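To start, the structure itself, in structure tokens.
Residue numbers start from 1 in every chain, and the chains themselves are labelled A, B, ... in the order their sequence lines are given, proteins ahead of strands. The model shown is predicted, which means the values in this text are computed figures rather than measured ones.
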There are 2 protein chains.
Amino acid sequence: MIRVFIVDDHPVVIEGIHSLLQNEKDIAWVGQAKNAQSCLGFFVNNTADVVLMDISMPGMDGVELCGIMKEKYPGIMILGLSTFNQGLYIKKIIENGASGYILKNSSKEELIKAIHEVHAGYIYFSGEAGMALQEYQKSLGRELPVLTAREKEVLALIAEGYTNPQIAEKIFLSPFTVDSHRKNLLAKLGVKNTASLIRLAVERKMI
Amino acid sequence: MIRVFIVDDHPVVIEGIHSLLQNEKDIAWVGQAKNAQSCLGFFVNNTADVVLMDISMPGMDGVELCGIMKEKYPGIMILGLSTFNQGLYIKKIIENGASGYILKNSSKEELIKAIHEVHAGYIYFSGEAGMALQEYQKSLGRELPVLTAREKEVLALIAEGYTNPQIAEKIFLSPFTVDSHRKNLLAKLGVKNTASLIRLAVERKMI
DNA sequence: TTACTAATCACCCGAAACAGTGATTCATTA
DNA sequence: TAATGAATCACTGTTTCGGGTGATTAGTAA
């Protein structure tokens with residue numbers, strides 16, 4: 001019997017998954033919690049084999065809770081649970097010791113398979129999540145195109161929070177030119193807006 | 001006599017500073033370079049007491065060159081030189097061993113004072129640059145306001161490169177609501193646009 | 001009970017960003 | 001010499017962002 005515990009701030013999700021699992025012969029439902037504190041409270045006097053954990057919850061989120069749980073109870077396997085899939089979150093929860101990650105709208109079959117795999121000590125990722133992770137890691141691994149001196153200069157100023165006209169004034173260029181450099185930055189680095197650009201630049205220590 | 005060397009890709013700047021310094025009795029002009037390679041080449045067979053170094057140059061920039069110079073010749077004092085002033089650059093060049101930082105449009109008096117201070121082993125920052133650095137360090141030191149669960153969620157999705165309408169669709173909210181959260185993020189964190197927001201978030205490891 | 005905050009939604013408006021296209025100059029390189 | 005790429009500037013749209021303002025609901029804390 002695999003003892004399963006769930007922590008999620010949405011009762012609907014808890015109920016939904018509970019009903020999906022209730023007829024499974026080798027799965028035992030040992031309890032549920034609506035937040036991180038209740039979850040930690042439960043494990044003071046109880047245990048489980050697999051914990052399904054929502055990654056985004058009010059207060060302490062699943063990523064943080066995962067780290068604490070794995071530190072206290074390394075034997076308990078944790079399966080991340082989320083409504084949407086983000087390479088970043090996936091990466092973070094793995095770094096915090098989770099054994100897998102599935103979407104809340106997964107099929108019953110996939111959910112059960114994931115629980116079994118994780119319980120057996122394997123890592124399990126639902127198709128979509130696995131792809132998102134691969135994309136993310138690929139993006140981290142690829143080497144970056146060479147930026148010209150001007151592009152680096154403009155990039156730094158964008159990161160400082162200046163707008164195109166402000167940058168133009170600062171380095172004595174036409175706003176059109178600054179805009180050109182900015183577009184070249186987006187194109188060269190393969191990102192689609194300022195947010196992605198700055199995130200990449202900071203993460204890769206380009207600024 | 002303080003032996004001064006300058007590296008800057010703009011001949012105009014080299015000439016300008018040269019002429020400002022040529023009548024100073026205790027300052028000797030030992031040479032100049034237009035790029036990092038030439039500078040390193042010069043110091044193979046020569047030396048100087050103070051190097052004025054442009055922080056943004058094509059190819060290897062001043063920040064990097066500064067690190068190499070200080071590693072090879074720790075006794076040579078380096079004074080960063082730039083057309084505009086950025087807390088980030090200032091911080092980086094100090095981390096790489098520079099002893100000071102002034103703007104290219106500084107007065108003759110300030111330039112000479114800076115050279116003397118740096119040569120004597122003191123750190124020197126022109127007024128503007130010093131203030132920019134203080135602002136920067138203050139911004140790093142302050143503790144961050146607490147973000148709500150929704151705000152963190154929206155922040156993460158902005159960092160992934162999604163627009164407000166896309167985020168709204170993804171987490172089942174009105175675009176207006178997402179926009180509200182976004183504005184609250186800017187206000188809470190005291191930044192003025194997405195670029196600053198994402199930079200802060202990544203640097204402070206909020207995502 | 002009242003006050004506060006989180007979370008939600010709504011609209012207006014101007015500024016900024018982004019997409020697309022195209023052009024010139026200059027220096028380097030094949 | 002021809003081609004390439006960096007750097008510059010320009011115009012036209014459309015979309016997104018950001019400032020301001022305000023409102024409702026629900027839950028929590030004083």
If we ignore hydrogens and angles and just use 3.5 Å, is the side chain of A:Glu117 paired with the main-chain N or O of A:Ala114 as donor and acceptor? no
Separation of C:dA6 atom P from B:Arg182 atom CZ, nearest Å, is 20 Å
Min and max contacting nt of DNA chain D in 5' to 3' order, chain A heavy atoms within under 4.0 angstrom, are D:dA6 to D:dC11
B:Leu40 side chain reached by B:Leu65 side chain, heavy atoms, under 4.5 Å: yes
Using the closest heavy atom to pick a nucleotide of DNA chain C for each, name whichever of A:Pro165 or B:Pro175 lands nearer the 5' end. B:Pro175
Could I get the full list of salt bridge (Lys or Arg N to Asp or Glu O under 4.0 Å) partners for A:Lys113, not counting sequence neighbours? none
Tell me, do B:Ile115 and B:Leu21 make a side-chain contact under 4.5 Å, heavy atoms counted? yes
Close side-chain approach of B:Leu197 to B:Leu185, heavy-atom, < 4.5 Å: yes
Between its two end axes (five pairs each) the helix from C:dT1-D:dA30 to C:dA30-D:dT1 turns, nearest 10 degrees, through 50°
Would you list the protein and nucleotides 20-29 of chain C atom pairs, both N or O, that sit under 3.5 Å from each other?
from	atom 1	to	atom 2	distance (Å)
C:dG20	O6	A:Lys183	NZ	2.9

How many whole angstroms separate atom CD1 of A:Ile158 from atom C1' of C:dA16? 12 Å
Find out whether the Lys NZ or Arg CZ of A:Lys72 is both under 6.0 angstrom from the six-membered ring centre of A:Phe43 and within 45° of the ring's axis. no
Please give, in whole Å, the distance from C:dC11 C1' to B:Asn164 CG? 15 Å
Map B:Ala195 and A:Glu151 onto DNA chain D by nearest heavy atom, then report which one ends up closer to the 5' terminus. A:Glu151
Do B:Arg150 and B:Thr177 get their side chains close enough for a donor-acceptor pair, meaning under 3.5 Å? no
Which residues pass the side-chain hydrogen bond (donor to acceptor under 3.5 Å, both in side chains) test with A:Asp49, sequence neighbours left out? A:Arg3
Rounded interatomic separation in angstrom, taking NE2 from A:His181 and P from C:dC18: 16 Å
Could you list the residues that satisfy side-chain hydrogen bond (donor to acceptor under 3.5 Å, both in side chains) with A:Ser38, not counting sequence neighbours? A:Asn35
Using a strict cut-off of less than 4.0 Å between a Lys/Arg side-chain nitrogen and an Asp/Glu carboxylate oxygen, indicate whether B:Arg199 and A:Glu160 qualify as a salt bridge. yes
Integer-rounded Å distance: C:dT8 P and B:Ile167 CD1: 13 Å
Distance check needed: C:dA6 C1' versus B:Leu173 CG, whole Å only. 13 Å
Could you tell me whether the phosphate oxygens of C:dT5, OP1 or OP2, come under 4.0 Å of any side-chain nitrogen or oxygen in B:Thr148? no
Is there a donor-acceptor pair under 3.5 Å between the side chain of B:Asn193 and the backbone N or O of A:Gly161? yes
Categorize A:Thr177 for me: base, sugar-phosphate, or nothing, with a 4.0 angstrom heavy-atom threshold over every strand shown. base
From CG of B:Leu186 over to P of C:dA16, roughly how many Å is that when rounded to an integer? 15 Å
